[in-house]
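Encoded as C-alpha cells, the structure appears first; notes follow it.
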Amino acid sequence: MHLLNQWTDRVAGASIKSVVPMIDYKIPKSPEYYAERIMFVETREEAENMVDLAYQRPLSHIGFDTEFRYDSPGVVIDKRSTVFDPRSIRPLLLSLAMTEPFGDGGGRLYRFVIDLRNRELLPHLRKIFQLPYHFCAHYAKVELFCLWKLGLAESPCIWDSFIFEKALHLGRYHHKYKIQNRKDEMQTILAKEEVSEKKKFSYSLVASCQRYGITYAMENSKERLQKSFLIHGGEKFSKEQIEYSAEDAVAAAKIFPLQIDKAARAGILRHCEKVEMDWVTTNSRIEWDGVRVDVGKIESVTKVLESCKEKIKKQLYDEYGICNIQSHKQLAEFFKSCGLLNKFKIKGKYSFDKEILKKNVSLHPSIPLLRAARRASDLLADKIMDPRFIGVDGRVHADHRQLGTDTGRQTSRWPNFLGLDRILRPLVIPEEGYGIGEVDWSQVEVGIAAAIYHDTALIDMFNSGDVYSAMAQKFFKSDLLENDLNLPGHEFKKKYPKFRNQMKSCTLGIIYGITPIGLAETLRTTKNKATTLFDQFMEMFPDLKYVLESTAQTSGIRGYGCTSTGLRRYREKLGRVSRWERNWLTNHPVQGSAAVVFKDAGNRLMKLYKRYDARIVIPLHDAFIFEAPMDCFEKVTEITEHVMCETLQEHFPELHPQVEANIFLPTCWNKDGDGYVLERWIEELEVSLKEIIK
DNA sequence: GAAGAGAGCGCC
DNA sequence: AAAGGGCGCTCTCTTC
C-alpha cells in the first residue's frame with residue numbers, strides 16, 4: 001500500500017515537470033580566469049559555476065577549511081583553554097582550494113570561499129564533497145562539525161595534516177626526557193635551553209607549513225582574524241576575512257603532497273591511509289554524538305556527597321585539628337604530633353596515599369575519615385558532575401584526542417570519559433528508546449604481544465580461551481587435581497582465582513617490563529619468591545625473552561619502536577637505552593598495535609552502525625561502548641562482536657580472538673550489569689559515618 | 001601572579 | 001640507583 005502511494009506520488013510529480021530535461025551544453029570554464037582570483041560564492045549561480053569547474057578540471061586533491069563561531073558561551077577551563085559545545089557551532093565560511101597538478105610538478109589552485117549562511121548553496125556543496133579526491137584540512141574535526149551542522153555528508157576520504165604531524169612526531173619531546181638527572185650546571189643550562197626550544201614545537205598549521213617550507217601569507221594577522229569570526233555578528237565579510245579563509249585551505253592543499261612524500265619516507269603512509277585518517281572522521285563523530293548523562297542522579301548524588309564531605313571535614317577539624325586533608329604538609333605535621341609519622345615512611349619519603357592509609361587504618365581514628373573524605377572529594381571533582389558540559393542537544397561532548405599518547409592511543413578530557421571512575425559510570429545513560437552496551441576484547445594485548453613477538457606457546461595459550469587460566473594450568477600442574485588440569489577457562493577462573501591472578505601479574509609484567517621487586521610488591525611476596533616465580537614463568541615462553549631483549553636493542557639502535565602497521569614512537573636521541581626506554585620500546589609495539597586494530601574496528605563499526613541509527617559512545621582502548629535503539633540492540637551487539645573479532649584476526653591471522661559483551665543492563669553504562677554501585681557506595685559511607693561521627 | 005612540579009586519585 | 005607501559009585531573013606548594 002505504502003509502495004503504491006509512493007508510486008502514484010512519483011507519477012504525479014513527473015507529470016507536473018517538463019517531460020525530458022534539456023541537456024545543458026557546458027561551455028568550458030577558463031582555468032586561467034579562476035586561478036587568478038579568490039571566488040566568493042554567495043549565489044546559487046556562483047555555486048553552480050564552482051561545481052562545473054570542479055567537474056571539468058583534472059584535479060588531484062582539495063584543501064578545505066571553515067570559519068565559524070559558537071552560539072553557546074563555552075566553559076572556561078583555565079587561562080589557556082575554553083571548551084565550546086560543538087553542537088552550538090555556527091558555520092560561516094567554507095573555503096576550498098582545488099588543486100590541478102601539472103605534468104612538470106607545478107600546479108594550479110582554484111580558490112573558492114563560500115558563504116555558508118546561504119542554505120541554498122548546500123546542494124552544490126554536497127556535490128563537491130562527493131568528488132573522489134582527498135579532502136585535506138588541518139584539524140579536520142571542526143570542519144566536520146560544520147558540515148554535520150549543515151546536514152552535509154563528509155567526504156569518505158579525509159587527510160588531516162594536523163593528525164599527520166602528530167603521527168610523524170610520536171615520542172618526540174616526551175616530558176620524561178627533560179627530568180633526567182643532569183650532572184653539572186652547564187648540562188642543566190643546556191637542558192633548559194633544549195626544553196624551551198621544544199616548547200616552540202607546535203602542530204599548528206603555520207608551524208607545520210614552516211617545517212615544509214611553505215609560505216603562509218597571513219601569519220601575523222591569523223589570531224586577530226580567527227577571533228573576528230568567533231565574535232561575528234551578521235555583517236558582510238571583509239576582503240581580509242575572505243582572503244584569510246582561502247589562505248588556510250591553500251595551505252592545507254599545499255602541505256598535502258609534501259606530507260604524502262614524508263609519510264612514505266617515514267614508512268607510515270599505509271598506516272595513515274588505512275587507519276589513522278579514517279579514524280579522524282570516526283573520532284569526530286564520537287565527539288559530535290556525545291553521551292547523555294543522568295542529570296537528576298548527578299544532582300542528588302552531589303548533594304549527598306557534599307554533605308558527607310562537610311561532616312567528615314568538620315569532625316577532622318574539631319577532633320584532630322586537621323583543616324586541609326589535601327595538604328601533604330599538614331598531614332605530616334599531624335601524624336608527627338601523634339608519634340605515628342614513621343608508619344608512613346616509604347622509600348625515604350612520607351606518603352599518605354590510599355594504600356598506606358589502608359594499611360594503617362587501625363592506628364588512628366582519623367584515618368578512616370581521611371580515606372572517606374578523599375574518595376568523596378575525588379568523585380565530586382570529576383567534570384562529569386559539572387552540568388555546564390551539557391551541550392544544546394542535552395548531551396556531553398568530551399574532547400576525544402586522537403593520538404593523545406605517544407603510543408598512538410586516544411585520550412579524552414572535559415570530562416575524561418576514558419578514566420571515569422567505575423562507580424560513576426552508571427551516570428552515563430541512553431536516550432529514550434535506546435540502550436547502552438559494551439563489547440570488549442578478551443586480553444587483547446597478550447594476544448598481540450604473542451603475535452608480534454612470534455611466541456607460539458603464548459599464541460596457543462591465547463587461542464585456548466582464557467589465557468591466564470591456561471598458563472596457570474600448565475604452571476601449577478603439580479598443585480592441581482588431575483580433573484582440573486583440563487577445566488575450561490571460565491571454570492578454572494572461579495575455582496583458582498589466586499593461581500590465575502599470579503599468572504596475570506606475570507604476563508602484564510612482561511608487557512610492561514616489570515622487575516622482580518615490582519612483581520614482589522604487586523603479589524605482596526618476597527623478592528626471592530617473586531624472582532623464582534618470574535624466572536619459571538618465562539621458561540614457559542622460551543622464545544619471548546630473547547625476542548624482547550633483541551627488540552629493545554635493535555629498536556634502540558634504530559631510534560624508534562614500531563607498531564604492526566609501521567607507526568613509530570621515537571627516542572629523543574640515540575645512545576644507551578635507559579630502563580624506561582627499554583620498557584616502552586618493547587611495550588609500544590603491543591599497546592600501539594592494539595590501538596591500531598581498535599581504530600580499524602571502530603572505523604568499520606561507525607559505517608555499519610549508520611543503518612541502525614546506532615553510535616559509538618566511548619572508545620575505551622579495548623572496548624566499545626555503544627548506544628543503539630532497543631529494537632535492534634541485539635543485532636548491533638552481534639555486529640560489534642563480529643567486527644571486533646574479524647578485524648583483530650585480519651591483522652593477526654594466527655590469533656583466535658574472543659570478545660565479551662555486557663548487555664545485561666542497557667539502561668546505563670555499568671560493569672557486569674550492576675547499575676547501582678554508586679548508590680550502594682554512598683549508603684555504606686553514610687552508615688559508616690553514623691558509627692564514627694556522633 | 002602564573003607556571004610547573006609533586007603527590008595522589010582514577011582508568012586501560 | 002631505581003625497580004611496570006600509557007594517560008587526565010585536582011590540589012598544594014614552590015619558584016620565577
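Letters A, B, ... are given to chains in the order of the sequence lines, protein chains preceding strands, and every chain is numbered from 1.
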Contact under 4.0 Å: A:K347 side-chain N or O vs C:dA1 OP1/OP2: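 For C:dA1, OP1/OP2 do not have a side-chain N/O of A:K347 under 4.0 Å.
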Any A:N416 side-chain N or O less than 4.0 Å from OP1/OP2 of C:dC9: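 So the side-chain polar atoms of A:N416 never come under 4.0 Å of the phosphate oxygens OP1 or OP2 of C:dC9.
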Option among A:I298, A:D382, A:L420, A:V396 that satisfies the side-chain contact (heavy atoms from CB on, under 4.5 Å) test with A:L427: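 That would be A:I298; it is the only one of A:I298, A:D382, A:L420, A:V396 passing the side-chain contact (heavy atoms from CB on, under 4.5 Å) with A:L427.
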Set of residues satisfying ring-ring contact (aromatic ring centres under 6.0 Å, His included) with respect to A:F389, sequence neighbours excluded: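 Scan of A:F389 (ring-ring contact (aromatic ring centres under 6.0 Å, His included), adjacent residues dropped) gives none.
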C1' spacing across the pair C:dA1 / B:dC9, given as an integer number of angstrom: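 It works out to 28 Å between them.
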Pairwise P distance for B:dG6 and C:dA2, with rounding to whole Å: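 That atom pair is separated by 14 Å.
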Contact class for [X] vs. all strands (heavy atom < 4.0 Å): base, sugar-phosphate, or nothing?
X: A:I511; value: nothing
X: A:T522; value: base
X: A:K349; value: sugar-phosphate
X: A:S412; value: sugar-phosphate
X: A:R582; value: nothing
X: A:D382; value: nothing
X: A:R422; value: sugar-phosphate
X: A:L519; value: nothing
X: A:R413; value: sugar-phosphate
X: A:R569; value: sugar-phosphate
X: A:G509; value: base
X: A:F417; value: nothing
X: A:Q591; value: base
X: A:K329; value: sugar-phosphate

Short side-chain donor-acceptor distance under 3.5 Å, A:N603 and A:T282: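 A pair is found: one side chain offers a donor N or O, the other an acceptor, under 3.5 Å apart.
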A:H174 versus A:E572, side-chain donor and acceptor atoms under 3.5 Å: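 There is no such pair (donor and acceptor under 3.5 Å, judged by atom type) between the side chains of A:E572 and A:H174.
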Side-chain donor or acceptor of A:T82 paired with backbone N/O of A:V76 under 3.5 Å: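 Not at all, since once roles are kept as given, no pair shorter than 3.5 Å links the two residues.
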Among C:dG6, C:dG4, C:dT10, the nucleotide that comes nearest once only the side chain of A:A381 is considered: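 For the A:A381 side chain, the nearest candidate turns out to be C:dT10.
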Residue A:T411, side-chain atoms from C-beta onward, closest of C:dG4, B:dG4, C:dC7: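 Selected nucleotide (nearest to the side chain): C:dC7.
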Partner set under salt bridge (charged side-chain N to carboxylate O under 4.0 Å, His left out) for A:R409, not counting sequence neighbours: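 Here the qualifying residues are A:E445.
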Side-chain donor/acceptor of A:R375 to base of B:dC9, under 3.5 Å: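 No, no donor-acceptor pair under 3.5 Å.
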